[in-house]
Each structure stands twice: as structure tokens, then as C-alpha cells.
Amino acid sequence: MKAATATAAGDRDGATSHVDASSITMDPGFVKAHPGASPSSLPATGWYTWVWEITPDMQDANMRQYLPADYDWSDNVLEAETTLHARSMQPTITSSVSAAYKHDQSKVTGADGIERPAVQIGSAAASDKTDVVYLEKGGVIRDQVTLGVADINGDGKTDTADWLHTKDGQGEGWETEANQITIRVNGALYGGMTREQAEQAQKDAAAGKTVELPKQAVKLATTTFTTNRAGDYLLSSKKGEKPAGVWKAENGIDLTNLPSGYATFVYDITNRDQDTKAQTGIEPSRDYPFAKDVHEAPFSKDETIMGRLTPKLDSTVSSKEIKAGETTVDRLVVAKTNEKDVWPTYPQSNVTEGETPKGTPLSLDFHGVLYKVSDDPAAAIEQTDTVPDNAVKVHETDIKDVTGFGTYSTDSFTLTEAGTYAWHWTMTPSLAGDQNHNPLAALAWRQLTHGKVQHAFGLASEIVRVRKPDTPRCEVSTRSQGEVTMENGRADLHDELLLRNCEQAAKAEFELWKQTNGDQSGDVLITVTGKVDAKDGIHSPTVTVRETGTYYWREKVYDQTGRLVSYGDARKPNETVTVKEKPLASTGLGVLPAALAGMLLAGLGAAFALRNRRRA
């Protein structure tokens, strides 16, 4: 193929010995077949040779007269001094997540106790329209990369002749796989995307459209590896697998807790990352030695993984301490384990042909059980991964149709017995069948963890302590006679027993004390009555006293076993009685003595006055 043409101009005294680069023009047909071709960027690997010729018809009129009409000269083709061996290289990359996981044997135990594969590879047969590998959180991140080169020299095969070689291996017959240059491949994993975004991107990529990552995409991990030959390369986050490159988490990312949702692998091979000059001796330029950088589009076929949703369960009781007979409410929190978690969706069924089915959020059920751990309201509970054998199930409830992260409350439940209780919640999806009597596509369940989802037993936020009802305090008092007058040198005293909330009271006896001046230490115990049945309003046995003064009662109350329940205080006003002498009886002549006294005083006054006059 004629790639470029040039003209050398001269005169009869001597032609120019070189052609200025600016005078070289590319052959129009070649340029049309190779867009972007230029003398400084030959479009393909191969051998290029200059061929010079002189014929009469090339000359201007003044020079044509000096050449015979049949003059025709051309130099030899492929002479060493006129030949250029131009080389370039075009790496290619494809990747296969399914190939990287096809031998994965890891298992996960579900809520039903059945072990299931931790990795599931999508397929169209299972109504899965995307090429996706579904992973449990905490699994190994893997991808298998196939590195190759394009058929640069056009010989119909890709081999070592299409790979650049080190400067020691250049030249015909010298180029072997051993001295191919080493190139660096960079990889990145972007995640946190929805099913709808992943499906649309895969459709666009398959149709040859330009695909860009959604704005919400998060760079999760990166890797790099170098090689000097084509082939398959395993890239893994598990060093023990001896991968060609190890996935390393980006800042703030935990590879054991990647966001749920869809993620895609993307690879790049760029000139700026290579050491081509050192290896080949060729100065790299904008478009040499590689024909172009390799920037893989996201969501290419078989480059997509989906982190299954594994929600975190927390819950908090409405009251940490209640009385027996009161109600309790529990609040279940279905939370993200990663702030970028995406809630799964599945396509609607029964969609009109040609319409795009809307995404329906996956609906989950949660089962809560309230266990009694101890009869002691102050019992300690150890936090464990499983429900202890001594825990007794006292109440069960369900929270159904949860379609997003959030807080959900149970109905109230009454606890009638004292003790220590704890709630425990598990997720209860049916991995086998329908939900709300609507068949779900297998795609829906592929996006949800097949493992057990629960919280630890004995969480502090889930413990309810139920106290016994407050027993009313037995209140004992008495009501004395207040004031008693002695009759015939005696006074009969008794006390009235007052009881409140004293069902345990069986017998009562009374002490009668005489109060002295000063403190209580000088008071005198007069008597202790015999015991009587302890009933509210009952009177004590009667006690006769023969001296006036201040007396007070002190009561003792016993239960059926004879245990003293209450002993009254001394000198209580309501238990004090005052004994007085009986006043003298009235005669009915009370005015006369007063008049006589007045007359007597008047007479004495007159006598004193007379006596004083006589002395004067």
C-alpha cells in the first residue's frame, strides 16, 4: 500500500539531495482507509520502504527536453538504507467474573439451617438478564483477566510478532516471547449501584454505546499487575490464592463489608504507566508505541458482581424496667451494614410488551421472640450468638412486608410475671417460593443473602426487667380515749387498734406506759395486755389506773408465725391519754359566798381605817 508521496525538485545543475519533511504528503487513498494517518504516526506495524523514480512526464517543460521520451528510472525496493521497520502494539483486555468463581466451594448457612453456595452465577435461564455473579458479604473479591494483543501486522494471527520487544530483542528472527516488553495493567472496582443501572449499562455496552459510571458509583478497590505475555490472570483479595494482583481497599472501604448492590470491574493500560523507553529505547509520544490507551468501559460482559443485601438488625425495648401487669413494645431497626447499601429490587411481572418493568423493592419478614431468662428481675444476661437453652419462649410476633431500611414497632404485650426477659429477632425470608402470594423472579432472591440474619441474644437494648407489684406497707396505729376523769379513785383505760394493708397481721398486744417529765427514758411501763385477734377497730383489754397523769399506748402486732410485724412508737399524740381528778360537785349557792366575802373584805377595810384614826 502506498502510504506517502514526496517530490524532490532541482535544476539541470544538480538536484537536491534530500526531501524536506514538510513536502511529504500522505496518499489520499491510504488516508481514507486509515483515518488519522500521518507521516509521524504510521498506522500499522510493518516494513516501510522508500521507492524513488524519475520519468519524463514528472518534469516541467524546461526539464523534459533533457530526458529521452522512454527514460524510466526507479531505485531498488527494500534497500537497507531506504527501509524502515515500524512497530506498534495494541493490548486487549477481557475479564470474566464467572470464570474466577467457577471453582468456589464456600457455603453459607441459612436461617433454616441448610447450607447453600455463598457464590451464585447468574444465567438467562433463571430470568436473570445480566451477566452477574452474586456474592455474600465478607467473601473473596475475584476476577479473571485475559490479556492479549491485536493483530497489528495483519498476518491473520496474534503472536509474538504483534508484541513490542525489548531493544535487545528487536530485529527479524530475534523477537521471542522471552524478550517481549513488560506492561502494567491497572484495575478498579466500582460499586453501590442499583439493578436498574447495572442492567441498562450492560445493554448499552452490548449495543456498542458509550457507557459511563453513575454518579453514585463508589470506587471500592484497586489492583495492578505486570506481565510480558498474553494469557489469563487471576486477581483476588485473598493473597493465599497467589493471584497476579491483589485487590486493595480504597480509603474508608472494608472489603469484608462491601456495599450491597451492583459493582463492575474496569481495567486500563496507559502509556504513562509503562517504561517503554527503558525497555525498547524508543521515545514514547502521544500515539507511539501503543496505537491507543486501553480504557475499558464499565459493565462489559461478565464483569459485574452483586453484593447481596445482608441487613443489620438492632432493636430497642420501649421500657427497660416495668412492673408486672404493664405492657412492653419492641422496636426493630433494619439498618445498613454499609452506608452505601442498596435495597434490592426485582422487575414487575405482567408488563405490557415493549414497556420497561418498574423495579419493585424486595419485601422481607422478620420474626421476634421474647424469652424469659430468669425469675430474678436483676439477673445478669451474657451476650451470646445463639439463644441459650434455659431461655423460655413467652411471646412471638412478626413484622411483615419490610421494603426498606427503617424502624418498625411491634404490638404491645403484657408481662404478668416478675423476671428478666430479652427479645431476639431473625429475618425469615422464604428462599423457595412466593411472598404475599405473588411469585417472585429468582433474581429477587439472588440479591438477598442466603445466610442467617439475626442479632446477638442478650443485647442490652433488648432486655426487659419486670419487677413484682409493690406490696402496700402494713400501717398500724391506735386511737386512745384522749382524756379520762377518775371516778372513785380509778380510771379504766383502753385503746382502739387501727390497721391498714395488714393482711398478714394475726395477733396484737398493748403496752400502757406512764409518761414522766423529761425524756422517754424515765417513762414507766404500767402493764402489757394479753394478745387479742388483730383486727381493724378492735379494742385492747381494759386497764385500770388509780393515779392522775399522762399515759400512752404502744401496740405490738404479730403475724401467724408469731413474727413481730409492727411495734408502735412512744408518746404518739393519737395514742396518748390524760387522766384527771374529778372536779368538786356544784351546790347551787355560788353567789352567796361571794357576797359574804365582799362584806368581810369591806368590814376589814373599815376596821383598818378606824384603827388608823385612833392612832392619829
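Keep in mind that this is a model prediction, so the values were computed, not measured.
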Worked check of side chain to side chain contact (heavy atoms under 4.5 Å, CB included) between V402 and W343: CA-CA 11 Å; V402 172; W343 192 273; 4.1 Å; yes
Chi angles and distances behind the side chain to side chain contact (heavy atoms under 4.5 Å, CB included) call for L213, T264: CA-CA 9 Å; L213 289 166; T264 181; 3.9 Å; yes
Go through the steps for M89 and I183 under the test side chain to side chain contact (heavy atoms under 4.5 Å, CB included), then give the verdict. CA-CA 11 Å; M89 173 185 174; I183 63 172; 4.2 Å; yes
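Between T327 and S318, every side-chain heavy-atom pair lies at or beyond the 4.5 Å cut-off. Side-chain contact between H395 and W423 is present, with at least one heavy-atom pair separated by less than 4.5 Å. Here the side chains of D293 and N271 are in contact, with some heavy-atom distance below 4.5 Å. Under the 4.5 Å side-chain criterion, counting only non-hydrogen atoms from C-beta, T94 is not in contact with K301. In this structure the side chain of I181 never reaches within 4.5 angstrom of the side chain of Q274, judged on heavy atoms. The side-chain heavy atoms of T194 and T345, taken from C-beta on, include no pair separated by under 4.5 Å.
Using a distance-only test at 3.5 Å, with no hydrogens or angles considered, no donor-acceptor pair links the side chain of Q144 to the main chain of D232. Between the side chain of D365 and the backbone N or O of T428 there is no donor-acceptor pair closer than 3.5 Å. Formation of a donor-acceptor pair under 3.5 Å by the E136 side chain with backbone atoms of H450 is found in this model. A distance-only check finds a donor-acceptor pair linking the side chain of D341 to the backbone of N338 [under 3.5 Å]. Within the 3.5 Å criterion, the main-chain N or O of A379 finds a donor-acceptor partner in the side chain of R465. Remark: side-chain polar atoms of K372 are paired, donor with acceptor, to backbone N or O of A418 under 3.5 angstrom. Panel note: side chain S461, backbone T316; no donor-acceptor pair is recorded below 3.5 Å. Judged by distance alone, the side chain of S260 and the main-chain N or O of V342 form a donor-acceptor pair under 3.5 Å. No donor-acceptor pair closer than 3.5 Å links the side chain of K312 to the backbone N or O of V333. Checking side-chain atoms of D330 against main-chain N and O of S315 turns up no donor-acceptor pair under 3.5 Å.
The only member of D268, T222, T224 that meets side chain to side chain donor-acceptor pair (under 3.5 Å) when paired with N186 is T224. For the side chain to side chain contact (heavy atoms under 4.5 Å, CB included) test with T397, the passing option among T410, V369, L332 is T410; the others fail.
With sequence neighbours excluded, the residues that form a salt bridge (Lys or Arg N to Asp or Glu O under 4.0 Å) with E321 are R467. Evaluation of the ring-ring contact (aromatic ring centres under 6.0 Å, His included) rule for Y371 yields F457 as partners, not counting sequence neighbours. With sequence neighbours excluded, the residues that form a ring-ring contact (aromatic ring centres under 6.0 Å, His included) with F225 are Y233. Looking at residues two or more places apart in sequence or on another chain, you find no salt bridge (Lys or Arg N to Asp or Glu O under 4.0 Å) involving D398. In terms of the side chain to side chain contact (heavy atoms under 4.5 Å, CB included) criterion, residue partners of V466 (sequence neighbours excluded) are, by chain and number, I322, A324, L415, Y421, V464. Take Y408 and apply the ring-ring contact (aromatic ring centres under 6.0 Å, His included) test, not counting sequence neighbours, and it matches no residue. Among residues two or more places apart in sequence or in another chain, the side chain to side chain contact (heavy atoms under 4.5 Å, CB included) test is passed with T223 by L235, W247. Contacts of K277 classified as salt bridge (Lys or Arg N to Asp or Glu O under 4.0 Å), with partners at least two apart in sequence or in another chain: E283. Residues satisfying the side chain to side chain contact (heavy atoms under 4.5 Å, CB included) criterion with P344, sequence neighbours excluded, are L309, L362, Q447. In terms of the salt bridge (Lys or Arg N to Asp or Glu O under 4.0 Å) criterion, D302 has no residue partners (sequence neighbours excluded).
Closest non-hydrogen pair, A249 versus I253, comes out as CB-O, 3.2 Å. When all heavy atoms are compared, the tightest approach of L258 to K137 is O-CE, 3.0 Å. The two residues V140 and S237 come nearest to each other via the heavy atoms CG1-OG, 3.5 Å. Closest approach of L313 to Q454, counting heavy atoms only: CD1-CA, 3.9 Å. Summarising the geometry of R446 relative to Y134, their closest heavy-atom pair is O-CD2, 3.4 Å, with the distance given to 0.1 Å. Pairing each heavy atom of A100 with each of L234, the nearest pair is CB-CD1, 4.1 Å.
With values rounded to the nearest 0.5 angstrom, I305 atom CD1 is found 4.5 Å from F265 atom CZ. Of the inter-residue distances, the one linking L147 atom CG with T227 atom OG1 reads 6.5 Å to the nearest 0.5 angstrom. Going from atom CD1 of I399 over to atom CZ of F366 covers 8.5 Å, rounded to the nearest 0.5 Å. The structure places CE of M427 at 4.5 Å from CG of L448, a figure rounded to the nearest 0.5 Å. Atoms CD1 and OH, on I141 and Y101 in that order, are 5.0 Å from each other to the nearest 0.5 Å. If you take CG on L370 and CD on E462, they are separated by 9.0 Å, rounding to the nearest 0.5 Å.
Judged purely by distance below 3.5 Å, without hydrogens or angles, the side chains of T384 and T386 never pair a donor atom with an acceptor atom. Defined by atom type and a distance below 3.5 Å, a donor-acceptor pair is present between the side-chain atoms of H367 and E396. Counted by atom type alone, N179 and E175 present zero donor-acceptor pairs between their side chains at under 3.5 Å.
The salt bridge (Lys or Arg N to Asp or Glu O under 4.0 Å) contacts involving residues 176-186 comprise E177-R229, where partners must be two or more places apart or lie in separate chains. The salt bridge (Lys or Arg N to Asp or Glu O under 4.0 Å) contacts involving residues 88-111 comprise D104-R142, where partners must be two or more places apart or lie in separate chains.
By the 6.0 Å contact criterion, CG on D411 is open, its count of non-hydrogen atoms from other residues, nucleotides or ligands being 12 or less.
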